[in-house]
Participant: 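To start, I am sharing the structure in question, which I have written as structure tokens.
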Amino acid sequence: MPNSDPGGSVRPSSQEALVGRYAPSPTGRIHAGNIFASLVAFIVARRSGGHMAMRIEDLDPDRSKQAYIDAIFRDYELLGLEWEGEAVYQSKRREAYEDAFRRIRAGHRVYECFCTRADIHAASAPHRGEKAVYPGTCRALTAEQRRLRIEGGRRPAWRLEVPPVRIGLVDGLQGAYGQWLDRDCGDFIIKRNDGAFAYQLAVVVDDAAQGVTSVVRGVDLLPSTPQQIFLQRCLGLVTPAYAHVPLLVAKRDRRLSKRDRDAGMEELLGRYKTAEGILGHIAYRAGLISDDAPTSAEELVSCARLDALAGKIQIPWNGAAHERD
């Protein structure tokens, strides 16, 4: 199983049959970027003799649509990206998140935060161009200050206080990576002010419940990984092996998105005609195979060159891959 060394880095074991997972959000039709990450996850799991699980990340009820859920199942089946067992829906797992929230509060400091995003950005400069590090504004509020904010109509979120600890990991594609929780992240939200649980908490609880030992996803989520490892440690959960794939990007380094209908499933089928045509082109564009030819998911398990992805953070949908800066 994945393990931690005394210095805090997570290293995956290579001697196990891995359980990977697909975790699409039903906010639109999947696109080439979603397919690429799922394909790599499938290859990694199958090469170890393992399998994939399916999770529908429908935490946001306003954006999640049943039509998109239905399309997700059809599209994955068409592409030959198989999974085992019943799909898990985050919208049906509130009780599990509540239990994890209670367990964390029992052993760690969790406090109410009344800050808006504007408050946080005004108090803290963005960190490394990604996000503002929470400055701890609400950490020392008195009971009276909290009461006045609630009476004034402000609903609190709940933040987990983090220690001055560095959490590192050896990513399967990006190599060594780490963060000092207090300096690079700050106390982070685990329950939102609308009562919904934060993605960070939900994904950790769900990965453990589904027995996931291999997480393959976009490199944009690499900065969230130390926070998730910290939550796993708070809850006494096993840390999976992580591998973060480069993002497929459109012009000017803008990543492909559902909203912009970039290389969406309908567009891909219209152009490449078959599932094998889609997968072959994506694999070729990513450098996994040398010829732009129709190729099935099963064929890619044996022939894809995953080492071609090492250290890359972007792959232009029409162009060559960019190396890590």
Side-chain angles (χ1 to χ4, degrees), residues 18-31 33-35 37-38 41-42 45 51-77 81-105 110 155 157-160 188-218 220-242 244-245 257-259 265:
L18 299 173
V19 178
R21 45 85 155 167
Y22 310 120
S25 56
T27 57
R29 194 85 181 267
I30 62 172
H31 57 65
N34 307 134
I35 297 168
S38 295
F42 176 80
H51 66 273
M52 297 295 293
M54 172 66 80
R55 178 165 71 241
I56 302 298
E57 297 201 332
D58 55 348
L59 278 177
D60 188 342
D62 294 330
R63 297 180 62 212
S64 299
K65 308 296 182 186
Q66 185 62 47
Y68 294 138
I69 294 173
D70 296 339
I72 284 169
F73 293 141
R74 290 197 305 270
D75 292 342
Y76 275 83
E77 289 171 357
L81 296 176
E82 301 173 342
W83 68 92
E84 292 187 10
E86 296 287 333
V88 168
Y89 294 79
Q90 288 189 327
S91 60
K92 299 178 180 179
R93 299 215 3 105
R94 184 175 180 85
E95 185 175 337
Y97 307 146
E98 288 279 10
D99 178 67
F101 182 70
R102 288 193 295 268
R103 289 165 57 197
I104 292 173
R105 290 188 69 186
V110 179
R155 294 187 299 178
W158 291 87
R159 286 187 184 270
L160 173 60
F188 58 92
I189 290 173
I190 57 175
K191 189 175 184 180
R192 302 182 338 201
N193 63 6
D194 62 359
F197 288 94
Y199 167 80
Q200 307 283 35
L201 180 62
V203 72
V204 162
V205 172
D206 291 339
D207 281 344
Q210 291 186 279
V212 171
T213 59
S214 170
V215 174
V216 179
R217 58 191 182 185
D220 55 321
L221 290 172
L222 180 57
S224 296
T225 307
Q227 299 159 49
Q228 292 170 18
I229 293 172
F230 180 61
L231 284 172
Q232 288 157 0
R233 293 176 181 176
C234 290
L235 292 165
L237 304 176
V238 172
T239 294
Y242 288 97
H244 288 82
V245 303
S257 70
K258 296 173 183 175
R259 179 173 56 191
M265 191 65 180

Participant: Is the side chain of Thr213 donor-acceptor paired with the backbone N or O of Val19 at a distance under 3.5 Å, no angle test?
Facilitator: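 Pair found, side chain donor or acceptor close to backbone of Val19.
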
Participant: Quick one: pull up CG in Leu201 and CG in Leu235 and give me the separation to the nearest 0.5 Å.
Facilitator: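 One finds 7.0 Å between CG of Leu201 and CG of Leu235.
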
Participant: Keeping the roles fixed (side chain from Ser38, backbone from Ile35), state whether a donor-acceptor pair exists under 3.5 Å.
Facilitator: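 Such a contact is absent between Ser38 side chain and Ile35 backbone.
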
Participant: Decide yes or no for Met52 and Leu81: does some side-chain heavy atom of the first lie under 4.5 Å from some side-chain heavy atom of the second?
Facilitator: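 No; the side chains remain at least 4.5 Å from each other.
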
Participant: Indicate yes or no: at least one non-hydrogen side-chain atom of Val110 is less than 4.5 angstrom from one of Lys191.
Facilitator: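 When only atoms from C-beta onward are counted, Lys191 and Val110 do not touch, as no gap falls below 4.5 Å.
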
Participant: Looking at Tyr68, I want to see if its OH is surrounded by more than 12 non-hydrogen atoms of other residues, nucleotides or ligands under 6.0 Å.
Facilitator: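 Counting neighbours around OH of Tyr68, 12 or fewer heavy atoms of other residues, nucleotides or ligands fall under 6.0 Å, so no.
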
Participant: Looking only at non-hydrogen atoms, find the nearest pair between Val203 and Gln90 and report the distance.
Facilitator: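 In this case the closest contact between Val203 and Gln90 is N-NE2, 4.3 Å.
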
Participant: Quick check: closest heavy atoms across Pro240 and Ser214, and the distance to 0.1 Å?
Facilitator: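 The answer is CB-N, 4.0 Å.
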
Participant: Do Met265 and Asn34 come within less than 4.5 Å of each other through their side chains, counting heavy atoms only?
Facilitator: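 Heavy-atom side-chain distance check fails, nothing below 4.5 Å.
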
Participant: For a quick test of reading the model, state the closest non-hydrogen atom pair linking Val216 to Ala37 and the distance between them.
Facilitator: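 So the minimum-distance heavy-atom pair works out to CG1-O, 4.0 Å.
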
Participant: How about CZ on Arg63, more than 12 heavy atoms from neighbouring residues, nucleotides or ligands closer than 6.0 Å, or not?
Facilitator: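 No, because the 6.0 Å sphere around CZ of Arg63 holds 12 heavy atoms or fewer from other groups.
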
Participant: Working note: Tyr242 + Arg217, criterion side-chain contact (heavy atoms from CB on, under 4.5 Å); need CA distance, chi angles, decisive distance, verdict.
Facilitator: CA-CA 8 Å; Tyr242 288 97; Arg217 58 191 182 185; 3.6 Å; yes

Participant: Is there a side-chain contact between Tyr97 and Ile190 (heavy atoms, below 4.5 Å)?
Facilitator: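 Side-chain contact under 4.5 Å: no.
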
Participant: Other residues, nucleotides and ligands only: do more than 12 of their heavy atoms fall within 6.0 Å of CD on Glu95?
Facilitator: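 No, not enclosed.
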
Participant: Is Asp207 reaching over with its side chain to a backbone N or O of Val212, donor-acceptor style, under 3.5 angstrom?
Facilitator: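 No, the answer is negative, given that no donor and acceptor are paired below the 3.5 Å cut-off.
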
Participant: Of all heavy-atom pairs between Ala41 and Arg21, which one has the smallest distance, and what is that distance?
Facilitator: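 The pair with the smallest heavy-atom distance is CB-O, 4.4 Å.
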
Participant: Please tell me whether Gln210 and Arg55 have a donor and an acceptor in their side chains that are separated by less than 3.5 angstrom.
Facilitator: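 Distance-only check passes for Gln210 and Arg55.
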
Participant: Any side-chain heavy atom of Phe73 sitting closer than 4.5 Å to one from Met54?
Facilitator: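 Yes, their side chains come closer than 4.5 Å.
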
Participant: Would you say the side chain of Val215 lies within less than 4.5 Å of the side chain of Leu221, judging by non-hydrogen atoms?
Facilitator: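 Not in contact.
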
Participant: Taking the side chain as every heavy atom from C-beta outward, state whether Tyr199 and Glu57 have any atom pair closer than 4.5 Å.
Facilitator: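 Yes - at least one pair of side-chain heavy atoms lies under 4.5 Å apart.
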
Participant: Excluding sequence neighbours, so at least two apart, what forms ring-ring contact (aromatic ring centres under 6.0 Å, His included) with Phe42?
Facilitator: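 Testing Phe42 for ring-ring contact (aromatic ring centres under 6.0 Å, His included), a comparison that skips the adjacent residues, returns none.
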
Participant: Walk me through it: do His244 and Thr225 pass the test side-chain contact (heavy atoms from CB on, under 4.5 Å)?
Facilitator: CA-CA 10 Å; His244 288 82; Thr225 307; 3.3 Å; yes

Participant: Which atom pair, heavy atoms only, marks the closest approach of Asp194 to Ala196?
Facilitator: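 Where Asp194 meets Ala196 most closely, the heavy atoms are OD1-N, 3.0 Å.
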
Participant: So do Lys92 and Ile56 actually touch side chain to side chain, heavy atoms under 4.5 Å?
Facilitator: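 Sidechains of Lys92 and Ile56: no contact.
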
Participant: Check ring-ring contact (aromatic ring centres under 6.0 Å, His included) between Tyr22 and all other residues, then give those that pass, not counting sequence neighbours.
Facilitator: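 Scan of Tyr22 (ring-ring contact (aromatic ring centres under 6.0 Å, His included), adjacent residues dropped) gives Tyr76.
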
